[in-house]
Structure formats: structure tokens, C-alpha cells
Amino acid sequence: MSQRDWIEKDFYRELGVSSEATADEIKKSYRKLARELHPDANPGDAKAEARFKAVSEAYGVLSDPAKRKQYDEARRLFAGGGGFPGSGGFGSGGFDVNDLFGRAAQGTGGGGLGDLLGGLFNRRGGASPGSATRPRRGEDVETDVRIDFTEAVQGATVPLRLSSPAACTTCNGSGAKPGTTPHTCATCSGSGLVTRSQGAFAFSEPCRDCRGTGKIIDDPCPECGGDGVSTRTRTLTVRIPSGVDDGQRIRLAGQGEPGRNGGPNGDLFVRVHVNPHSVFGRQGNDLTLTAPMTFPELALGTTLTVPTLDGKVTLKVPAGTSSGRVLRARGKGITKRDGTAGDLLITLEVAVPNNLSSEARKALQAYADVTTDHDPRGDLNALLEGR
Ligand SMILES: [Zn+2]
Ligand SMILES: [Zn+2]
């Protein structure tokens, strides 16, 4: 097997042991898994068979001190190179059996140990012996924020209230009423697993009395009801960069759930929703604006003053400007963080009055009478006459 193949696989994870596990621990874990996953014990179960093969392969490497050393070195080198795409676990402080159970319980696990154990394990931190002290990365958190158009363009600082599950502060996540201690489950002697015999084989399955945790809580914590998890609310101030677009996601590294046992924090992802503006629109980095004009303004020319997001701008409208023409005010659009700025695009549109005073009507009629030689539909009429 190539080194590349090696580092793509987490053999410690396959065997459910830590990377510091002794040869004895590895052997013990392998024997237990091999017994559970043996094809003879799981007839027709392709998942179990695949796991059996993976576990055997992992044991083949980790049981050989020379191979294990090589494997560890390959992994270390790779972890030093900045993590491994698509593979959680490397470089993030090792394997935590609770991760596997957690994923399986959420329905996103790809056939991990949790599936095999029937999803009976809950996600209580530290439920599995030996895992409680391992560093573990905090969960990523996603949230939404709604801001105004102007805030999106100019950047804003917004307070965010986040509610997320966290270890109960009353019982420190143990689920037991403060002052009491959970006692070791007598059924499974604290291992969380019970062994059942069927024919020549012995199976391990999660203990039903303690739900696989190995512990029985006599006095549940009044705050969390024994779950060890409660909802925590925290307020964060988030800086939204200028130029953010509707629907954009901002990543705030390390602002997610806190890591456990010295593990790194998760990230916070904020999805930004932008309220539309009553006047301005947006095309990429350009702002758009429609300016209603009178016919004389376009025909005779004028100077036009329009608002910008932070002031105003005055532009010259030349005589004989068509309705629908777009004027560009350079640099009056959206300024990105890198300093580049878009433009303000002003669409000129003739506004026709609904009602005319008799004086205005007379003046317009006089105008029409002296411009009969101007035919704006010359091309169309030529086409009509050809028919
Ligand atoms: Zn038990
Ligand atoms: Zn509690």
C-alpha cells in the first residue's frame, strides 16, 4: 500500500482507539470489533463486511510496530501541511468516539460505528471511557442577520444574539444534580456495552439500562433534566464588511462553539439578508437609480442633481438626450474592501404628466404645430408604406 493510501485512512479511528493507544489496547479493540463485525455473525450485511475489512486492514498496519511508526510519521507530515481536505480528524486532535456517534445520530454518518450500534448512544460529552479528555473541535454555528441596503453597501457593526446548545453550567454537563455523582451502571460495569451470546458468537451491544453511557443518574440536574445540555445565549458584535451582497455568507473563524479539552473553536457562519432600498438598486458593485425627467429637460438639456448613498452628485444632461439613456457617475457605487469602487448608473426616463392645464395644452399644441417636419417613426412608416 502506498503512503498516500495510508494517510487518507484513519486507522486509529477505524479501531476506535487513540493515536497513543498501546499495542495491547489496539489488540483488544481489534478483537472486539472483529468479533462483532465478522461476516459469519452478520450474514448479508454489506456494511458490516466493509467495516470488517477496514478494521482488519487498520489492524494489519497498527499491529506492526515498524508499519505503525511509518504510518504515524506520514500522518504527522501531512497534518503539518495544513490539514486534510475532506477528512475530519487529522490535525484536529485525534479521534473522539462521540463524534462518530454524534454524526450517526444526525443521519449524516457514512456507516460508522454508530450505525452498527443501532444509534442507541446519545451525544452526551464524555460518555465514552477515555474520550472525555481528548481535544475536540467545537461545532460550527450558522445564523442569519438582516441589514439595510445602506449598511450592506457601507459595512456595519451588528449585534448578534446566538442561542446554542452547550454543556449545562449547573451540572457541568454531567447531567447529575450538583452535589450528587452518577453511579456506575451495574448491568455493564460502566463499559456501556453488554455482551450477548448467539450460537458460537458473542456480540457486544449498547447497554439498555444506561443507554450506553456506563453511568446511571439517580438525581437528575434540575436545570437540564439530566441531559447535561442546556441552551446558552450569547451576544456577539459582528462586523459586516462593506459591499456584502444579499444571501452572502460571512465566516467568522473561531466564533462558533467552544472546543473541548483545549480543542479549537468552531466557526460562525452568518448569512446576510439585505433589505431592498426604496430608491437605489444594485448591479454587482454598481448602484442603480432611475431619474424621472420632463420632456423639455431632455430636449433642451439641463443639469441634474441626484442623491448618492453618502451625499449627492450633479451631472450635465446634454440637449437632445433620449429617454432611457443611462448616465454614469464614476466611483459613486459600492466600495469594496480592496478599495475598488463601482459607479452610480442613472437611467433618465421621461415622466408624462397625467393632467395638463389648458395653458400647458396650448403651449404643447403650438410646439406640435411647429415640429410637424420631425417624424420620430420614420423607419416604421417606411415599412408600413412598403406593405
Ligand atoms: Zn449500563
Ligand atoms: Zn445540568
Side-chain angles (χ1 to χ4, degrees), residues 15-18 25 28-29 31-37 41 95-106 109 112-139 141 161-198 201-235 256-263 265-266:
L15 289 177
V17 296
S18 85
E25 287 171 330
K28 227 165 148 183
S29 181
R31 283 195 176 152
K32 189 169 85 67
L33 286 168
R35 205 165 52 227
E36 288 168 16
L37 299 165
F95 168 64
D96 181 339
V97 79
N98 284 310
D99 287 344
L100 196 56
F101 294 152
R103 267 201 287 282
Q106 286 160 3
L113 194 58
D115 288 353
L116 293 162
L117 296 177
L120 271 170
F121 282 81
N122 62 19
R123 297 171 58 209
R124 185 167 307 163
S128 133
S131 72
T133 54
R134 255 168 245 152
R136 179 173 161 193
R137 185 180 181 274
E139 296 282 322
V141 176
R161 268 172 73 85
L162 292 174
S163 292
S164 49
C168 173
T169 49
T170 304
C171 62
N172 287 318
S174 76
K177 189 174 164 184
T180 71
T181 342
H183 74 258
T184 303
C185 173
T187 313
C188 61
S189 314
S191 71
L193 293 169
V194 289
T195 306
R196 186 164 62 87
S197 296
Q198 188 178 66
F201 293 99
F203 300 89
S204 287
E205 59 177 26
C207 173
R208 283 167 206 281
D209 290 348
C210 62
R211 292 192 298 160
T213 62
K215 290 193 165 67
I216 302 273
I217 296 165
D218 303 301
D219 287 312
C221 164
E223 178 68 29
C224 62
D227 284 340
V229 176
S230 65
T231 303
R232 190 173 51 120
T233 305
R234 60 194 165 119
T235 305
E257 286 297 299
R260 290 193 196 174
N261 306 312
N265 291 352

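In what follows, every heavy atom counts, from backbone to side chain, and hydrogens, waters and symmetry copies are set aside. Just follow the structure's listing: the first ligand is 1, and inside any ligand the first atom is 1.
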Are Cys168 and Glu223 packed together at the side-chain level, in the sense that at least one heavy-atom pair is separated by less than 4.5 angstrom? yes

Side-chain heavy atoms of Ser29 within contact of Leu33, under 4.5 Å: yes

Glu205 side chain near Val194 side chain, heavy-atom distance below 4.5 Å: yes

Would you mind writing out the side-chain donor-acceptor pairs for residues 180-187 within the sub-3.5 Å range, not counting sequence neighbours?
residue, atom, partner, partner atom, Å
Thr180, OG1, Lys177, N, 3.4
Thr180, OG1, Lys177, O, 2.6
His183, ND1, Asp218, OD1, 3.2
His183, ND1, Asp218, OD2, 2.9
Thr187, OG1, Asp209, OD2, 2.3

Just to be careful: counting only protein atoms that are N, O or S, how many fall under 2.8 Å of the Zn ion (ligand 1)? 4

How many degrees, to 10°, between Cys221 SG and Cys171 SG as seen from the Zn ion (ligand 2)? 110°

To the closest 0.5 Å, what do you measure between SG (Cys188) and NZ (Lys215)? 10.0 Å

Derivation and outcome, side chain to side chain contact (heavy atoms under 4.5 Å, CB included), residues Lys32 and Leu193: CA-CA 11 Å; Lys32 189 169 85 67; Leu193 293 169; 3.3 Å; yes

